[in-house]
Undergrad: 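Here you go, one structure.
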Amino acid sequence: AGCASGGGSKGAANLQKPLRNDAKAVEAAQPVKVWDLPTRLFHWLLAALVAASFVTGRIGGTAMSYHEQSGLAILVLLLFRLAWGLCGSRSARFAAFLKGPRAVLGYARTLLGPDTPRHLGHNPLGGWSVIAMLAVLLFQAGTGLFANDDILTEGPLYSWVAKATSDALTRGHLFNRQIILGLVGLHLGAVLFHWAVKDEDLIKPMITGFKNWEGAAASPSDGPTWLAAVIAGLAAGAVYLLVG
């Protein structure tokens with residue numbers, strides 16, 4: 001029932017309403033709630049854990065035990081986000097920000113012009129960048145379950161596959177680090193571009209939950225906090241059962 005409620009088409013349309021990129025629009029803008037607390041916690045916890053995973057992976061040795069724990073925590077977060085993309089607030093739902101090729105290309109053509117439309121939630125390009133990041137991190141966490149370093153460390157599901165299979169998954173795990181770094185660089189570059197060129201702050205809304213918005217817009221209803229807690233608990237339980 002929680003997954004089916006609160007996602008009307010009118011609200012989704014309001015989330016994608018363009019905002020005039022001029023001084024008058026900025027003066028008329030008012031703070032509007034856009035990101036719910038679970039989405040914001042997911043974002044910052046994921047960023048911290050990805051950074052921790054890279055650092056501990058580089059250190060190696062005994063730090064690999066922390067690398068494994070951060071990888072499992074990332075897997076829990078990813079499972080939570082996939083479910084929250086169906087059951088969370090309107091701006092957090094995949095249906096609110098995943099657009100077709102025509103909308104994505106149309107938005108991309110406006111990026112270097114003066115009249116780029118703004119979006120209360122993710123813009124069409126940003127929406128697919130979210131999916132790309134979730135996909136590569138799921139691949140990274142999944143392959144890490146079966147990986148080995150031929151010295152001290154074996155993934156918690158290493159014994160489920162043959163050594164040759166584990167080695168192949170390990171190579172994929174190592175190569176995928178470069179893809180993750182590339183996507184993180186693109187993400188940071190996009191945030192900087194919108195801040196410096198488009199005068200649009202994308203960081204503050206992910207901290208406070210509010211974004212300055214001109215005119216009427218349906219504030220995305222928060223997904224129930226209890227539902228977020230239940231989903232997070234189920235995700236953690238699933239990962240525990242899988243590796244335990």
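Index from 1, following the sequence.
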Undergrad: F97 vs F94 aromatic rings, parallel, tilted or perpendicular, using cut-offs 30° and 60°?
TA: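 Aromatic pair F97/F94 classed perpendicular.
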Undergrad: Suppose we screen for side chain to side chain donor-acceptor pair (under 3.5 Å). Which residues come up paired with E200, at least two apart in sequence or across chains?
TA: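 Testing E200 for side chain to side chain donor-acceptor pair (under 3.5 Å), a comparison that skips the adjacent residues, returns H194, K211.
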Undergrad: Less than 3.5 Å apart, which donor and acceptor atoms pair up between the side chains of residues 46-56 and the rest of the protein, not counting sequence neighbours?
TA:
{"from": "S53", "atom 1": "OG", "to": "L49", "atom 2": "O", "distance (Å)": "3.0"}
{"from": "S53", "atom 1": "OG", "to": "S70", "atom 2": "OG", "distance (Å)": "2.7"}
{"from": "T56", "atom 1": "OG1", "to": "A52", "atom 2": "O", "distance (Å)": "2.8"}
{"from": "T56", "atom 1": "OG1", "to": "S53", "atom 2": "O", "distance (Å)": "3.2"}
{"from": "T56", "atom 1": "OG1", "to": "H67", "atom 2": "ND1", "distance (Å)": "3.3"}

Undergrad: CD1 of I203: more than 12 outside heavy atoms within 6.0 angstrom?
TA: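 Not buried by this count: 12 neighbours or fewer within 6.0 Å.
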Undergrad: Side-chain heavy atoms under 4.5 angstrom apart, residues restricted to Ile, Leu, Val, Met, Phe, Trp, Tyr: same cluster for L105 and L112?
TA: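 No, no single cluster joins them.
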Undergrad: Suppose the criterion is salt bridge (Lys or Arg N to Asp or Glu O under 4.0 Å): which pairs have a residue in residues 135-157, not counting sequence neighbours?
TA: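 Matches after skipping sequence neighbours: D150-K163.
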Undergrad: Holding to side chain to side chain contact (heavy atoms under 4.5 Å, CB included), I want the full list of residues that pass it with T110, two or more places apart in sequence or in another chain.
TA: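 Counting only residues at least two positions away or on another chain, T110 forms a side chain to side chain contact (heavy atoms under 4.5 Å, CB included) with Y107, T116, P117.
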Undergrad: With clusters built from Ile, Leu, Val, Met, Phe, Trp and Tyr whose side-chain heavy atoms come within less than 4.5 Å, directly or transitively, what are the remaining members of the cluster of L192, listed by chain and number?
TA: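 Taking Ile, Leu, Val, Met, Phe, Trp and Tyr as members, L192 shares its hydrophobic cluster with W195.
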Undergrad: Mind checking whether H122 and W35 have ring centres under 6.0 Å apart?
TA: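 Between H122 and W35, the centre distance is under 6.0 Å.
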Undergrad: Looking at R40 and I207, what are the two nearest heavy atoms and their distance?
TA: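 Between these two residues, the closest heavy atoms are NH1-O, 3.1 Å.
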Undergrad: Before giving the answer on side-chain contact (heavy atoms from CB on, under 4.5 Å), spell out for L45 and I74 the whole-Å C-alpha distance, their side-chain angles and the decisive distance to 0.1 Å.
TA: CA-CA 9 Å; L45 286 173; I74 288 173; over 6 Å; no
Undergrad: Return a table of donor-acceptor pairs under 3.5 angstrom between the side chains of residues 140-147 and protein atoms on other chains or two or more places apart.
TA:
{"from": "Q140", "atom 1": "OE1", "to": "N176", "atom 2": "ND2", "distance (Å)": "2.9"}
{"from": "Q140", "atom 1": "NE2", "to": "H173", "atom 2": "O", "distance (Å)": "2.9"}
{"from": "T143", "atom 1": "OG1", "to": "F139", "atom 2": "O", "distance (Å)": "2.8"}
{"from": "T143", "atom 1": "OG1", "to": "Q140", "atom 2": "O", "distance (Å)": "3.1"}
{"from": "T143", "atom 1": "OG1", "to": "H173", "atom 2": "ND1", "distance (Å)": "3.0"}

Undergrad: Do Y240 and W160 belong together in a cluster built from hydrophobic side chains that touch within less than 4.5 Å?
TA: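 No; tracing contacts between hydrophobic side chains, which count when under 4.5 Å, never links both residues.
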Undergrad: Do you know which two heavy atoms are closest between G127 and L98, and how far apart they sit?
TA: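 Closest heavy-atom pair between G127 and L98: O-CD2, 3.7 Å.
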Undergrad: Taking atom CG of L77 and atom CH2 of W84, what is their separation to the nearest 0.5 Å?
TA: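 The CH2 atom of W84 is 13.5 Å from CG of L77, to the nearest 0.5 Å.
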Undergrad: Listed by chain and number, what are the side chain to side chain donor-acceptor pair (under 3.5 Å) partners of Y158, not counting sequence neighbours?
TA: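 Applying side chain to side chain donor-acceptor pair (under 3.5 Å) to Y158 gives none.
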Undergrad: Please identify which of these residues, L183, V184, V191, meets the side-chain contact (heavy atoms from CB on, under 4.5 Å) condition with H187.
TA: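 That would be V191.
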Undergrad: Could you tell me which non-hydrogen atom of L111 sits nearest to which non-hydrogen atom of F193, and how far apart they are?
TA: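 Smallest interatomic distance, heavy atoms only, reads O-CZ, 3.6 Å.
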Undergrad: In terms of hydrophobic clusters joined by side-chain contacts under 4.5 Å, are L241 and L78 together?
TA: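 No, separate clusters.
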Undergrad: Quick one: pull up CZ in R81 and CG in L138 and give me the separation to the nearest 0.5 Å.
TA: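 Reported value, rounded in 0.5 Å steps: 12.0 Å.
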Undergrad: Treating Ile, Leu, Val, Met, Phe, Trp and Tyr as nodes and any side-chain heavy-atom pair under 4.5 angstrom as an edge, say whether Y66 and V243 lie in one connected cluster.
TA: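 Looking at the clustering, V243 is in a separate group from Y66.
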Undergrad: Is it the case that D167 and T170 place a side-chain donor and acceptor less than 3.5 Å from each other?
TA: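 No, T170 and D167 have no side-chain donor paired with an acceptor closer than 3.5 Å.
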Undergrad: If the condition is side chain to side chain contact (heavy atoms under 4.5 Å, CB included), which residues does T165 pass it with, not counting sequence neighbours?
TA: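 Counting only residues at least two positions away or on another chain, T165 forms a side chain to side chain contact (heavy atoms under 4.5 Å, CB included) with V161, A162, L169.
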Undergrad: Could you grab the distance from atom SG of C87 to atom CG of L82, nearest 0.5 Å is fine?
TA: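 Spacing of SG (C87) from CG (L82) equals 11.0 Å.
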Undergrad: With sequence neighbours left out, what residues match L152 under side chain to side chain contact (heavy atoms under 4.5 Å, CB included)?
TA: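 By the side chain to side chain contact (heavy atoms under 4.5 Å, CB included) rule, L152 matches no residue at all.
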Undergrad: As a quick check of understanding, evaluate side-chain contact (heavy atoms from CB on, under 4.5 Å) for F210 and Q30, giving each step before the final call.
TA: CA-CA 9 Å; F210 289 86; Q30 298 294 326; over 6 Å; no
Undergrad: With a 4.5 Å heavy-atom cut-off, do V32 and N212 have their side chains touching?
TA: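 A side-chain contact is absent here, since even the closest heavy-atom pair is not under 4.5 Å.
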Undergrad: Rounded to the nearest 0.5 Å, what's the gap from NZ on K33 to OG on S89? Could you check?
TA: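 Answer for the NZ-OG pair, K33 versus S89, is 8.0 Å.
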Undergrad: Are I151 and M64 joined in one hydrophobic group, where the rule is that I, L, V, M, F, W and Y side chains link up if heavy atoms are under 4.5 Å apart?
TA: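 Different clusters: I151 never reaches M64 through Ile, Leu, Val, Met, Phe, Trp or Tyr contacts under 4.5 Å.
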Undergrad: Could you tell me which non-hydrogen atom of W213 sits nearest to which non-hydrogen atom of H119, and how far apart they are?
TA: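 Closest approach of W213 to H119, heavy atoms only: CZ3-C, 3.7 Å.
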Undergrad: Just to verify, what does V239 make a side chain to side chain contact (heavy atoms under 4.5 Å, CB included) with, not counting sequence neighbours?
TA: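 Counting only residues at least two positions away or on another chain, V239 forms a side chain to side chain contact (heavy atoms under 4.5 Å, CB included) with L72, L75, V76, L79.
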Undergrad: Restricting to non-hydrogen atoms, name the atom on K99 and the atom on W128 that form the minimum distance, rounded to 0.1 Å.
TA: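 The pair with the smallest heavy-atom distance is O-NE1, 2.8 Å.
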